Amino acid sequence: MTQFDYSKLSVLIADDFSNFRSTVNSMLQSLGVIDVETAGTSQEAIDWCARRTFDLILCDYNLGAGRTGQHVLEELRHHELISHKTVFIIVSAEASRNIVMSAYDCQPDDYLMKPINTQMLRQRMSRLLAQRQSFSRVYAAMEKGDTTTAMDVLVDMSLEEDRNALSAQKMLGEVFLQEGFYDNAEKLYSKVLEQRQVDWARLGLAKVKQAKGELEMAGAWLEKIIEENPLYLPAYDSLAQNWEKRGENHQWQFTVQKAVDISPMSILRQKKLGEVAQLNNDFSTCVDALRRTVKLGEHSCYGQASNHFQFARVVSLGMERNLDLDAGLAQEALKYLEDAEKWYQLDEAQTNQALLLKGRVFAATGESERAAELLTQAAENMESCEAQLEVHLDQVSVLQSLGKREEAQALLKSLQEMYKGDQDALKKLDAFLDEPASEANRALVATINREGIDFYNKELFDDALSCFEKARKLFPKHIGIQLNIVQAYVGKMKNGQQDRLIANECHACLELVASLIEENNPAYGRYLKLREMASATVEFL
Amino acid sequence: MNMTMDPKQNNLDFSLVLASSVHDMKNSVGMLLASLEQVIEATPPESEEQGRRFSTLHYEASRINSELVQLLTIYRMQNNFLPINIDEHYLLDTLEDQVARNHTLIETGKIQIDMDCDPDLRWCYDNDLIGSVVHNVLVNCSRYTRTRIFLSATVENDVLKITIADDGHGYPKEMLEKPASMVENAELSRNATHLGLYFAENIAAMHKQKNRKGYIELKNGAPLNGGAFHIYLP
């Protein structure tokens, strides 16, 4: 093995035990390393990296105060304080399970189990630094954004019969996938799998199929990988994407949930779980996941005020819909809004959002006066600057929650006018409108609706219902869709499928329409007729 | 007065309690080992007698440590909490890592290490798990060998064979006959639970390719005329 000139090496040791720092420091000195810095907290480690670069970082996993080596590595990457040139090793006394799970998520260059000694350290260092040197051309090319050169070098390296070939193959597969060279990626992974069944190559191949749109095949493969290695987290992430692409939102949630159960500390997965649970109207899962997202955010670079805001939004929505909620949730939402102000530097828009969301929570708990005060305060602030759409949408929600329906309608109307040409903005507005304003959503709802009507005409009521319900998820306030659902239920009941559950669903749907529809709406006649038909059918239950 | 216990309170999962305290103990012993290694490095033994004492201290601490690690691993294995991360690795790296990890034990025991491993030999296995098997056997050998330990890795008939051999008295007869089952019937012979063998056997069996799975074998005699531990991985 190559002998290194350790005297030119720069190393950072991060550990909350001073004893450990000095032990490792003296080990490094005995190897001839001169340039050593130490950090006792995660923040110190990050500060060091903001000031200068290191060849090697030895970072303890458990850094105290809730922070881990994974947090440090994620933050260093997030703020681009570290490049490929730095070798990052996580050192740990933890059980290897946590480390393996953490390594799946943050991919350090290596990890070392405590207790460590000089010999172990020397061996690992020389191995990793040699590898780093061999890949220096690849890293240099990637840093310049020159992926073509990086790929060329990696192809050459992966064909060599030496110890870098394997790492080169892994990296090449990822670059191929990322750059859209799916056929090359497929060839590479298939070739690896001819030799040995390794999970990373099986996952790679499934990802290729997924990227090519062969979703069912990719999904089946991913499920097989998980069945054989139930703790292989990266496979869950791909499978979740697979269900998402197939529009199977319940399977999607189930998969994210399983990954979260295995590794509950991942803030990004918790956040994803919150999103998908909301899509599925699974309120309690959504609230739990968002709560964890907020809490994990305290120590993570992925913590954001918007997570706190989302918690408040979902809790308010639950109260507005009269869901049977834990009484403490409103207080919790208010607390998180205050935490957002304490933990993050809120810009003007976010400050107004926090005010509006507090107002919405108060409105939902019946404290209309306080809500109105906050609303006025926010509105005054917003006058002085041009507010963003998101802030306005929160404003609409408070107005609605306070029962100021006309003001809310007027605001929505002016927003529609303001964002006339902006399809992305119109899409966001759609969720608040009776009819979609954006072209894409209009087309989408028309297609799904048409499909549903086809099924209805063939008396395939369940298929029709699943189409209409899909459309309803996208546009919860679209009266036409709601009425289609009612009609499908009525059809189903007339066809002899009568039970309490269907009748209840039908009734709930009619009630929702009742709360949305005005007498001057062109669909009002249809609504009355369906209402009559429904009650006629339900009567003989 | 006759008191009845609340059955709910009694329903404490003892294996979980045990596992978490094993986890704590393991971390403590880990600290103890690290401090011990520092002491030995800072104040090298001044006499043969002292060297032997250091060696015993270090060996016993290492043994507790690796036994606790094994307990924890078996707990996880049984609860499907054990991640297995199979990838291609260089055998030389794996073996050298474990020799380096036991550097103090080998130095204080004045043991000569010989290794026979093609530097280009690579194979698919879980490096952490196989590493810990090799580590346990090394700790054990360092206690029972006289002067030498021999490590090798070769491929025979598309099966990887890792050997760790010593020039001690060899394995007792009953261990040679039925190694892994000994733990299951919980016969404690000569203060040894043979937990290590159970652990190694299970780890080996977690390595599967097509219809074959890994296994272990204990022999006496070749190559050093002492005990020889073999692990076979397809």
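Just so it is clear, the structure is predicted and the values come from calculations on it, not from any experiment. In the text below, chain A, chain B and the rest are named by the order of the sequence lines, each starting its count at 1.
Using a 4.0 Å cut-off between charged nitrogen and carboxylate oxygen, A/Lys170 and B/Asp87 count as a salt-bridge pair. A/Arg127 has a carboxylate O that lies under 4.0 Å from a charged side-chain N of B/Asp97, or vice versa, which qualifies the two as a salt bridge.
Residues satisfying the side-chain hydrogen bond (donor to acceptor under 3.5 Å, both in side chains) criterion with A/Asn229, sequence neighbours excluded, are A/Asp199. For A/Asp60, the side-chain hydrogen bond (donor to acceptor under 3.5 Å, both in side chains) test picks out A/Lys114, with sequence neighbours left out.
In this structure, the portion of A/Tyr104 lying under 4.5 Å from any heavy atom of chain B is its side chain and not its backbone. In this structure, chain A has a heavy atom under 4.5 Å from the side chain of B/Gln209, while its backbone stays farther away. Looking at A/Ser30, neither its backbone nor its side chain comes within 4.5 Å of chain B, counting heavy atoms on both sides.
Options A/Leu233, A/Asp162, A/Ile116, A/Asn117 differ in how many heavy-atom pairs under 4.5 Å they form with chain B, and the most are formed by A/Asn117. No other option in B/Asp120, B/Val69, B/Ile84 has as many heavy-atom pairs under 4.5 Å with chain A as B/Ile84.
Within a 6.0 Å sphere centred on CZ of B/Arg52, heavy atoms belonging to other residues, nucleotides or ligands number more than 12. Summarising the local packing, CZ of A/Arg124 is surrounded by more than 12 heavy atoms from other residues, nucleotides or ligands at distances under 6.0 Å. The number of heavy atoms from other shown groups lying within 6.0 Å of CE (B/Met25) is above 12. In A/Phe17, the CZ atom is not crowded: 12 or fewer heavy atoms of neighbouring residues, nucleotides or ligands sit closer than 6.0 Å.
Here the shortest heavy-atom pairing between B/Asp128 and A/Tyr111 reads OD2-OH, 2.8 Å.
Atoms CE and CZ, on A/Met113 and B/Arg101 in that order, are 8.5 Å from each other to the nearest 0.5 Å. Within the model, atoms CE of A/Met120 and CD of B/Glu96 stand 13.0 Å from one another, a figure rounded to the nearest 0.5 Å.
Using a 4.5 Å cut-off on side-chain heavy atoms (C-beta onward), B/Asp93 and A/Arg163 make contact.
The backbone N or O of B/His103 lies less than 3.5 Å from no partner atom in the side chain of A/Gln119, so there is not a single donor-acceptor pair.
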